[in-house]
Amino acid sequence: MAGKHVTRLHWKLFFPLVGLLWLIIGLTMSYFVSHERQRLSHNLGNRLVNVNKTVIDAYKEGADLQRTVDFIKLFTNQTTLDPLHLTVYDSNGNIIADNKAPTIPIHDDAGELLPEFKDTWAKRDTTYLHDMTMFGAKYMISSVTSRDGSIHTFAALPYKGEVGEFLSVDSMVWVAMIGLGILSFILAYISSKAICRNVYALRDFAEMISSNNLPDDIEQWRFSKDELGEVSKRLLLLYREKIKAEHEKTVHERQIGINVSHELNTPVAIIKGYLDTILTDPDISAEQKHLFITRASENIDRMAELIEDLNTVMRLQENKVAIHLRTFDFHNFVVRLYDDVRHNHKAGDMELDMKIPDGCIVTGNEALLNNALHNLIGNAVKHSHGTRISINWLREENGQMIFSFSDNGIGVEEKHLDRLFDLFYRVDNGRSRKSGGSGLGLSLVSRIFTAMGGSISAQNGATGGLEFIFSLPKG
């Protein structure tokens, strides 16, 4: 059914296009033919006028008008003017000279001057050129009256024979018109087919979508090299990218679900193990029971922290967190952060230093930023095996303040750098589990900086250790 509709569309484009081209060709050729006929008619009219002027000039010079008329007949013999009718009248309407062709009549049956000649008869030294029917045929007639009004000369040619051929348009014009018509037919067919080629491609693509059989070679499909072709190709590519993104999203969400289930299973199993031991062992000591309950409580806290972190990550990713931004001094912020870390011993034995100028004003959310930097510090303490943590200001660029967070530890392999911010990604699963890591920390950090209008990336430092380059909008 779709194919029939597209075929009909092809012809709907084709016939109007052919009609338009033929109309243009027809109007152009009609104008040309009309213009050419007017030119030929004007040329023939000038010849008749010249014949009459020759007679008038002969009269002025006192020449014999009959001999002049005979000479003109002899001169025009076997030319386009061969069927020439030439008659000269005096002021009383009597014939003075005439050639062998039938005399041009100027009076009706009642002897009155014909209406066609009244104007030329009255006006002197004036040339008239008009068409008139005589002897059952149409003629072109030129009439001139001498300046003194003594003679009136009339020259006429019938629109037939050589005169008709002279006024006809060259047959090659019609051949050219037919050729252009055929060419326009071919061009219209090719053009409409080229336009519909993109519709064919979209139709085929729609059929593949309906049959859930998408091809992998959309880029190789043939589209016309024009704006419509580019739009059609782009639509197909966007659709395939959309399908691919939805598939990746589904796989990603499924993987998240698996990871969440896996992460929750560990503390749940530990908690269940401790509680089962307490419930099934009536001889367990109060001290041992307290230890098991404490361990179970710690794992409950760990599970609650995991759920809270995951919830925050998802809300940040979907922009469902109302983030209130304000400007503050980043130097003072890091000073307070380091004081808290030292007081709570979260940095362990690692040294904390910074190189941030006073008055380094940024825009962000202090609570979220505090969370992000605590995560980076915790990550360095647990995994870097280094002795120093540094936060330094690097530069100002495109309205952003650029900083680095680095340690002097062992760093990570290059293959891990691009995935450090993925949900639940761990460089070393075994060591991460022993240290209590869930793989959510750096994912949360990345989404926090993005939510505040900044960014973060990871690289190995030039002198060793892991370095995070992050940015915040300038305040």
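Scope of the values below: all heavy atoms of this structure, side chains included, with no hydrogens, waters or symmetry mates.
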Say whether, by atom type as modelled, one donor and one acceptor occur between the side chain of [X] and the main chain of [Y] under 3.5 angstrom.
{"X": "Ser146", "Y": "Ile151", "answer": "yes"}
{"X": "Asp329", "Y": "Gly359", "answer": "yes"}
{"X": "Gln459", "Y": "Leu417", "answer": "no"}
{"X": "Lys73", "Y": "Asp82", "answer": "yes"}
{"X": "Asn375", "Y": "Asn371", "answer": "yes"}
{"X": "His152", "Y": "Tyr89", "answer": "no"}

Would a 4.5 Å heavy-atom cut-off, applied to side chains only, mark [X] and [Y] as touching?
{"X": "Leu157", "Y": "Pro83", "answer": "yes"}
{"X": "Leu466", "Y": "Asn460", "answer": "yes"}
{"X": "Ile72", "Y": "Val55", "answer": "yes"}
{"X": "Asp148", "Y": "Tyr59", "answer": "yes"}
{"X": "Leu44", "Y": "Leu81", "answer": "yes"}
{"X": "Leu472", "Y": "Leu369", "answer": "yes"}
{"X": "Pro158", "Y": "Lys138", "answer": "no"}
{"X": "Leu442", "Y": "Phe468", "answer": "yes"}

Working for side chain to side chain contact (heavy atoms under 4.5 Å, CB included), residues Leu114 and Met132:
CA-CA 11 Å; Leu114 292 172; Met132 180 178 174; 3.6 Å; yes
What distance do [X] atom [atom1] and [Y] atom [atom2] have between them, rounded to the nearest 0.5 Å?
{"X": "Gln66", "Y": "Asp98", "atom1": "CD", "atom2": "CG", "result": "7.0 Å"}
{"X": "Phe470", "Y": "Leu373", "atom1": "CZ", "atom2": "CG", "result": "5.5 Å"}
{"X": "Arg447", "Y": "Leu368", "atom1": "CZ", "atom2": "CG", "result": "13.5 Å"}
{"X": "Ile104", "Y": "Ile141", "atom1": "CD1", "atom2": "CD1", "result": "5.5 Å"}
{"X": "Ile106", "Y": "Asp108", "atom1": "CD1", "atom2": "CG", "result": "10.5 Å"}
{"X": "Leu420", "Y": "Asn379", "atom1": "CG", "atom2": "CG", "result": "8.0 Å"}

[X] to [Y] - nearest heavy-atom pair and separation:
{"X": "Gly475", "Y": "Thr327", "result": "CA-CG2, 3.8 Å"}
{"X": "Leu48", "Y": "Ser142", "result": "CB-CB, 3.7 Å"}
{"X": "Pro473", "Y": "Gly454", "result": "CD-N, 4.3 Å"}
{"X": "Phe117", "Y": "Pro105", "result": "CE1-O, 3.5 Å"}
{"X": "Trp393", "Y": "Pro357", "result": "CB-CD, 3.6 Å"}
{"X": "Ser91", "Y": "Gly149", "result": "CB-O, 3.4 Å"}

Between [X] and [Y], is any side-chain donor less than 3.5 angstrom from a side-chain acceptor?
{"X": "Asn392", "Y": "Ser390", "result": "no"}
{"X": "Asn50", "Y": "Asn46", "result": "no"}
{"X": "Ser471", "Y": "Ser455", "result": "yes"}

Just wondering, are more than 12 heavy atoms of other shown residues or ligands nearer than 6.0 Å to [atom1] in [X]?
{"X": "Lys355", "atom1": "NZ", "value": "no"}
{"X": "Asn398", "atom1": "CG", "value": "no"}
{"X": "Phe71", "atom1": "CZ", "value": "no"}

Who are the side chain to side chain contact (heavy atoms under 4.5 Å, CB included) partners of Ser143, not counting sequence neighbours?
Thr120, Tyr128, Phe154
Kindly indicate, with the supporting measurements, whether the criterion side chain to side chain contact (heavy atoms under 4.5 Å, CB included) is fulfilled by Ile96 and Thr153.
CA-CA 9 Å; Ile96 300 175; Thr153 176; over 6 Å; no
Should the pair Phe333 and Phe330 be assigned to parallel (<30°), tilted (30 to 60°) or perpendicular (>60°) ring geometry?
parallel
